[in-house]
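Structure record follows, encoded as structure tokens.
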Amino acid sequence: MPEGPEVECTRLSLRRFEGKKIVKIELTKLSQKYKKYEGKQKIFDVFIGKTITEIERKGKFLIWNFDFSKVILNHLGMSGHWIISEGADVPTHIIHPKIKILFKNESKIAIFEDARNFGQFRIYDTYQDVINYLPIKKLGSDGLKVPFPQEAFAEKLKLKKNANKEIGRILLDQTLIAGIGNIYKSESLALAKINPLRLVKKLKPEEIERLGSSISIVLHKAVDSMGSSIQSFRTSTGEEGSAQKWHKVYAKAGFDCDSCGNEIIRIVQDKRSTFYCEKCQV
DNA sequence: CAGTAGACTTGGTCCC
DNA sequence: ACTGACCAAGTCTACT
């Protein structure tokens with residue numbers, strides 16, 4: 001569940017554990033097959049008995065704060081997601097559990113399942129160390145910020161290094177606006193009716209403004225869509241959210257555009273798919 | 001400094 | 001049916 005809105009939904013559901021004391025953060029048997037987790041159990045044992053004070057989000061990162069200085073920085077990667085499950089054991093239908101968290105006075109556990117194993121856990125001595133971590137430090141304004149940071153967005157687009165790039169490439173740059181992923185990149189451009197191949201320097205101020213507003217609308221709508229299904233956390237596999245129901249272009253290559261009937265096409269930018277309608281997006 | 005290829009990894013589809 | 005190629009919500013590191 002990896003774009004900004006999905007991470008935000010994850011944060012909202014994990015907030016039930018704020019104020020809860022950690023019994024154990026357990027690296028699963030399966031996790032030990034991978035270098036990134038192998039032999040790291042000790043490092044997580046320092047959280048035993050500590051209480052979660054706040055789980056926050058910066059872009060697509062989750063930051064776990066406790067009642068002592070250490071902090072966990074967690075990224076879901078491509079396939080990582082948190083499952084809240086009743087009972088102390090990982091249900092058998094969860095095939096890629098990497099981390100399990102048990103809490104005091106809490107009948108539910110939190111399970112980090114990550115099929116592709118791109119998820120990240122980094123532990124820092126202090127909050128300041130997290131802030132100094134370059135990928136965090138360099139994050140642009142959050143795309144879910146209200147009101148949308150139009151000025152900061154426009155300023156970054158004016159930077160020399162961005163001027164000659166295609167807008168469809170640059171939207172994934174987390175230092176520009178944090179939280180946009182590959183789906184909402186295409187969807188934002190579709191809503192703004194801007195062709196992903198347009199060069200940043202050729203965009204008119206009103207188009208940049210429209211794109212900013214579109215990003216904001218799309219990301220918030222995504223939170224709302226996912227939010228509805230993430231509430232019903234009983235099934236871990238059925239919690240898809242409903243955002244895909246209103247996608248205009250993402251993964252719709254070969255289908256007709258809802259607005260004009262023209263065929264949606266797929267192109268590749270920076271090795272990532274971009275979907276758009278050539279007629280509607282100019 | 002910027003830009004980019006490669007690394008990490010499993011699973012689904014036969015498409016884009 | 002089976003197989004191999006390709007693709008997928010992302011970021012980090014090392015190299016030019």
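Chain naming here is simple, since letters A, B, ... match the order of the sequence lines and numbering starts at 1 in each.
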Determine which nucleotide pairs with [N], using a 3.5 Å limit on both distances of a Watson-Crick or G-U wobble pair.
N     : answer
B/dC1 : none
C/dT3 : none
B/dT9 : none

Next on the checklist: To the nearest 0.5 Å, what is the distance between CD1 on A/Ile177 and CG on A/Leu144?
Outcome noted: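 With rounding to 0.5 Å, CD1 (A/Ile177) is 10.5 Å from CG (A/Leu144).
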Of the candidate nucleotides [options], which contains the atom at the shortest distance from the side chain of [X]?
X        : options               : value
A/Lys165 : B/dC16, B/dT9, B/dG3  : B/dG3
A/Arg272 : C/dG10, C/dC12, B/dG3 : C/dG10
A/Pro2   : C/dG10, C/dT11, B/dT9 : C/dG10
A/Met78  : C/dA8, B/dG3, C/dC12  : C/dA8
A/His75  : C/dT11, B/dA5, B/dT10 : C/dT11
A/Gln174 : C/dA8, C/dT11, C/dG10 : C/dT11
A/Asn182 : B/dT9, C/dG10, B/dT10 : C/dG10
A/Arg122 : C/dG10, B/dT9, C/dT13 : C/dT13
A/Phe61  : B/dG3, C/dT11, B/dT9  : C/dT11

Nearest whole angstrom, please: distance from the [atom2] of [N] to the [atom1] of [X].
X        : N      : atom1 : atom2 : value
A/Phe121 : C/dT11 : CZ    : C1'   : 15 Å
A/Leu176 : C/dT11 : CG    : C1'   : 17 Å
A/Lys185 : C/dG10 : NZ    : P     : 9 Å
A/Glu113 : B/dT10 : CD    : P     : 13 Å
A/Tyr184 : C/dA8  : OH    : P     : 16 Å
A/Gln269 : B/dT4  : CD    : P     : 13 Å
A/Lys271 : C/dA8  : NZ    : P     : 13 Å
A/Ile183 : C/dC7  : CD1   : P     : 17 Å

Note: [X]-[Y] ion pair, threshold 4.0 Å (strictly below):
X        : Y        : answer
A/Lys60  : A/Glu6   : no
A/Arg11  : A/Glu8   : yes
A/Lys165 : A/Asp173 : no
A/Lys50  : A/Asp67  : no

Item to check | Most 5' of A/Lys33 and A/Arg169 on DNA chain B, judged by nearest nucleotide | outcome: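 With A/Lys33 and A/Arg169 compared, the 5'-side residue is A/Arg169.
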Item to check | 5' precedence on DNA chain B between A/Arg266 and A/Asn117 (nearest-nucleotide basis) | outcome: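 The residue whose closest nucleotide sits nearer the 5' end is A/Asn117.
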Using atom [atom1] in both nucleotides, what's the gap between [N] and [M] to the nearest angstrom?
N      : M      : atom1 : result
C/dT3  : B/dT9  : P     : 25 Å
B/dT10 : C/dC2  : P     : 23 Å
B/dA5  : C/dC7  : P     : 16 Å
B/dC16 : B/dG12 : C1'   : 15 Å
C/dC12 : B/dG11 : P     : 24 Å

Next on the checklist: Tell me whether A/Lys98 forms a cation-pi arrangement with A/Tyr34, defined as NZ or CZ under 6.0 Å from the six-membered ring centre and within 45 degrees of its axis.
Outcome noted: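 Judged by the rule, A/Lys98 and A/Tyr34 form a cation-pi pair.
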Item to check | Common cluster, A/Ile180/A/Phe153, ILVMFWY with side-chain heavy-atom separation under 4.5 Å | outcome: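 Yes, A/Ile180 and A/Phe153 fall within the same hydrophobic cluster.
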Checklist entry - Taking only N and O in the side chain of A/His96, is any of them less than 4.0 Å away from OP1 or OP2 of B/dT9? => result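 Checking A/His96 against B/dT9: no side-chain N or O falls below 4.0 Å of OP1 or OP2.
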Checklist entry - Taking only side-chain nitrogens and oxygens of A/Tyr34, does any of them come within less than 4.0 Å of OP1 or OP2 of B/dT10? => result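 Looking at the OP1 and OP2 atoms of B/dT10, one of them is under 4.0 Å from a side-chain N or O of A/Tyr34.
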When we call it a touch if two heavy atoms are under 4.0 Å apart, what does [X] touch: a base, just sugar-phosphate, or nothing?
X        : answer
A/Phe275 : nothing
A/Phe255 : nothing
A/Lys60  : sugar-phosphate
A/Gly181 : sugar-phosphate

Next on the checklist: Under 5.5 Å centre to centre and under 30° between planes: does that hold for A/Phe118 and the six-membered base ring of B/dC8?
Outcome noted: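 One would call A/Phe118 stacked on the B/dC8 base.
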Next on the checklist: Given 3.5 Å as the limit, does a donor-acceptor pair link the side chain of A/Arg198 with the main chain of A/Val282, or not?
Outcome noted: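 Checked: pair present.
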